Amino acid sequence: MPDFSLTPEQESLRDLARKFARTEMAPHAAECDRTSRFPEEIYRKAYDLGLLNLNVPAEYGGSGLGLFEQCLIVEELAYGCGGMTTTVIAHCLALEPILLDGTPEQKERFLKPFCAEYHIAAFALTEPSGGSDPGSMRTLARKDGDHYLISGEKCFISNAPQASLYLVFASTDPTLRHKGVTAFVVPRSAEGVTVGPDEEKMGHRASSTATIRFDNVRVPASDRLGAEGTGFSLAMRTLDQTRTPIGALATGIAQAALDHAAAYSLKRETFGKPISEHQAIQIKLANMVQAVHAARLLTWRSAWLIDRGQKGTLESSIAKCFASDAAFAVADEAIQTFGGYGYMREYPVEKLLRDAKLTQIYEGANEIQRIVIARELLRGYG
Amino acid sequence: MEIVVCVKPVPDAETRLRAAADGTTLDIEAVKFVLTGYDESAVEQALLLKEANPGSKVHVVSAGPPPRTEEVLRASLALGCDLATWVEMPPGVAPDPISAARALARAVSAMPHDLILCGKNAGDDEAGVVAGALAELLGVPDHSAVVDLRWDAASSRLRFQRSTEAGMETWEAPLPCVVALQQAWNDPRTAKLPSILKSRRLPIAKVPPEAAPPAAGTTRPTKFELPPPRTGAKLIEFKTPEEAAQKLVKLLKEEAKVFP
C-alpha cells in the first residue's frame with residue numbers, strides 16, 4: 001500500500017512555507033493585487049529563507065529539493081498569494097533548463113554566482129504569434145563566429161522586468177521548424193535587450209509580466225545550452241518537470257477558496273441560521289473539498305513518480321489540468337457562497353478566481369494538456 | 001560560554017484540542033507539537049548570546065516522549081543550536097514538572113554548563129516549576145521573568161532586566177545560574193530551509209529515563225476540560241466607520257443599556 005503520510009522533514013518544510021505564506025505574503029496580497037506591485041522585499045525574504053531557488057541543487061547554492069517537496073512548498077505559498085507564487089515558479093522554471101542540459105562548467109558559471117545572492121530569472125519561450133507552438137518561432141539566433149546574434153520578441157514573460165538572467169529560446173534554423181530551436185542563457189545587461197512596460201493583468205498582479213525585445217544581442221556560443229536544435233526538446237523536458245508544481249499552485253488557491261467559504265458559511269446567517277446549515281451550501285462545500293483533495297493527490301502522485309525517475313508526462317498533465325480546473329471551479333463556488341459580498345473587492349475570494357484562471361492557461365494551456373493526455377492515453381491502446 | 005537551553009514540546013496553538021477518553025488529560029492524537037512561546041524566546045536568547053560571545057556553544061535539552069521531543073530538538077538545531085540531548089520518556093503524556101526537572105538536571109549535570117536558559121513556563125500547562133526546580137537540583141541560583149540578557153566579559157557578570165508589575169528591574173549575576181525567560185521581548189528567528197534539511201541529519205544524544213523514579217511526591221492530573229465556547233458576541237456589519245459607530249452606540253444604549 002502506498003503511504004500518504006509526510007516525513008517529519010517534509011512537514012518541517014511545509015511548516016516553513018506555511019508560516020512564510022501566512023505571515024509575510026498573505027498580509028500584502030490584497031495590496032499588491034490592487035496596485036499591481038511586485039513585492040521585491042518579500043522575494044528577498046524568501047531568498048534568505050531558501051524558498052526561492054527550490055530546484056537548484058545545494059552544491060550550486062540552491063535548496064536542492066525533490067519535486068514532491070517543491071510541490072508541498074508551492075501549495076503553501078499559493079495559499080498566501082497565487083501571484084507572488086507565480087514569481088517563484090517562473091523563476092525556478094527559468095533555471096530548470098540549465099539544470100537539465102547545462103554542462104558542469106555552465107552550471108558552475110551561471111548558477112553559483114546567481115544563487116549566491118538575491119536574483120530573479122525569467123523563461124522566455126512564448127512569442128506574440130503563440131505560446132503553444134514553439135515550432136513557428138520567429139526569434140532568430142544567427143551564428144557570427146564564436147557568437148550568436150539574437151533578434152526577435154518574446155511576450156507574456158513572467159519576471160521579465162526584474163530578472164537579471166533570461167533563458168531564451170531562439171531558432172538557429174527556421175526551416176527545421178521545432179528542430180531548429182536552440183536555448184541560450186542571456187544576461188539582462190546584454191546590449192540590445194529591451195523590456196517593455198509591465199502588462200495589466202486580470203490576476204497574479206503581484207507578479208510582473210512584460211515583453212522582451214532582442215536586437216542583435218551578441219551571445220557567446222559558450223552560453224548556448226546543449227547542441228543547436230535541441231532547444232525544443234529541452235523546453236518540453238523542462239515543462240515536464242515544472243508542470244506538476246502548477247498543479248500544486250492551483251491546489252493552494254483552491255484550498256484558500258475552500259477555507260474562506262467554509263469559515264464564512266459558519267458565520268453568515270440567513271433565514272435564522274448559519275448558511276452552513278442549509279443543504280445548498282453543504283453540497284457546495286462537499287463538492288469543493290472533493291476537488292481540493294483530488295487535485296492535491298494527483299499532484300502528489302505526479303511529483304512522486306517524477307522523483308522516482310519516471311517521465312510522468314501523462315500524470316503531470318493530468319495534475320496540472322485537473323488542479324487548475326478545480327481551482328477555478330472551487331473559487332467560483334466560494335464566490336457563490338459569499339453571495340454579493342464575494343463579488344466585492346473588499347473580500348478575498350474574487351481575487352482567487354482571477355488567480356485561478358491563469359493556472360488554466362500558462363505552462364501549457366489546458367487544451368494542450370488534454371491533447372497530451374489523450375495522446376498518452378491512446379498510446380496504451382494502439 | 002557553555003549555554004544550555006531546556007525546551008518542551010507543546011501543542012500548536014492552531015491545533016484543535018479535545019480531552020482524552022479518560023477525561024484527565026489532553027488527547028494527543030492528531031495534536032501537532034511545536035517549539036513555541038517562552039521556549040522559543042529562550043532559544044533565541046541563547047543564539048544571540050552565542051553570536052555576541054564567539055567560542056560559545058548552545059546545547060538544547062528536552063525530556064519527553066517520542067516523537068514530539070525529537071521534533072522540538074530538531075527544530076532547535078535548525079535554528080542554530082550546536083548540540084542536542086534527549087532524555088527519553090515513555091510514549092504518551094509529558095512528564096509532570098518535577099519529573100521533568102529531575103530528568104533535565106540529570107542530563108545537564110553531565111554536560112558542561114555555565115548558563116541554563118528556560119522559558120518562564122510552558123505554553124500548555126503554564127506550571128512555571130521546571131526552572132526553579134532545576135536550579136535547586138543543580139544547586140545554582142535562578143532568576144525568573146528575565147528579559148534582555150547580556151554577558152559582560154570584563155566583569156564576568158550576566159546583566160539582565162526583569163519585567164515585573166512594579167517596573168523594570170536591572171540585575172547582574174555570576175555564573176553558573178538558571179535563567180527563566182519572558183516571551184516576546186526578542187523576535188525569534190525563523191529556521192532557513194537548508195538548516196532544516198541539515199538538522200535532520202545531526203545527531204541527538206539520548207539519555208535513558210531514570211531506572212527507578214521516585215513514586216511518592218509526584219503529581220497526577222485528575223480532570224481536563226476545554227474552556228466553554230464563548231457566546232454572546234455580536235458582529236456589526238457596516239459600510240462606513242460612521243455607520244459602525246452609530247450602530248454600536250444604538251446597541252450599547254438599547255440592548256446593553258450601559259448608558260441612557
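As the structure is a prediction and not an experimental result, all values here were calculated from the model. Letters A, B, ... are given to chains in the order of the sequence lines, protein chains preceding strands, and every chain is numbered from 1.
The shortest non-hydrogen separation linking A/Gly50 to B/Pro194 is CA-CD, 4.4 Å. Among all heavy-atom pairs drawn from B/Lys192 and A/Leu16, the shortest one is C-CD2, 4.5 Å. Here the closest heavy-atom approach between residue B/Thr190 and residue A/Lys19 is recorded as OG1-NZ, 3.6 Å.
By the 6.0 Å contact criterion, NZ on B/Lys198 is open, its count of non-hydrogen atoms from other residues, nucleotides or ligands being 12 or less. Atom CD of A/Glu41 is surrounded by more than 12 heavy atoms from other residues, nucleotides or ligands within 6.0 Å. At most 12 non-hydrogen atoms from other residues, nucleotides or ligands lie less than 6.0 angstrom from CD of A/Gln336. Counted within 6.0 Å of NZ on B/Lys50, heavy atoms from surrounding residues, nucleotides or ligands total more than 12; the atom is thus considered enclosed. Other residues, nucleotides and ligands contribute over 12 non-hydrogen atoms within 6.0 Å of the CZ atom of A/Arg44.
The candidate with the highest count of non-hydrogen atom pairs below 4.5 Å against chain A, out of B/Ile196, B/Val34, B/Leu235, is B/Ile196. Chosen from B/Ser195, B/Ala191, B/Ser199, B/Pro67, the residue pairing most often with chain A at heavy-atom distances under 4.5 Å is B/Ala191.
Residue A/Tyr47 does not touch chain B at all, counting heavy-atom pairs closer than 4.5 Å. Contact annotation for B/Glu70: neither backbone nor side-chain heavy atoms come within less than 4.5 Å of a heavy atom of chain A. Contact of B/Ala75 with chain A is not made at all, since no heavy-atom distance falls under 4.5 Å.
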- Go through the steps for B/Leu193 and A/Ile73 under the test side chain to side chain contact (heavy atoms under 4.5 Å, CB included), then give the verdict. CA-CA 11 Å; B/Leu193 192 148; A/Ile73 288 176; 3.7 Å; yes
- Message: I'd like to know whether B/Arg200 forms a side chain to side chain contact (heavy atoms under 4.5 Å, CB included) with A/Thr7, so could you lay out the CA-CA distance, the side-chain angles of the two residues, the decisive distance to 0.1 Å, and finally the verdict.
- Response: CA-CA 11 Å; B/Arg200 306 301 320 180; A/Thr7 65; over 6 Å; no
- Query: Is there a side chain to side chain contact (heavy atoms under 4.5 Å, CB included) between B/Glu71 and A/Glu11 once you walk through the steps?
  - Reply: CA-CA 10 Å; B/Glu71 288 311 310; A/Glu11 280 194 29; over 6 Å; no
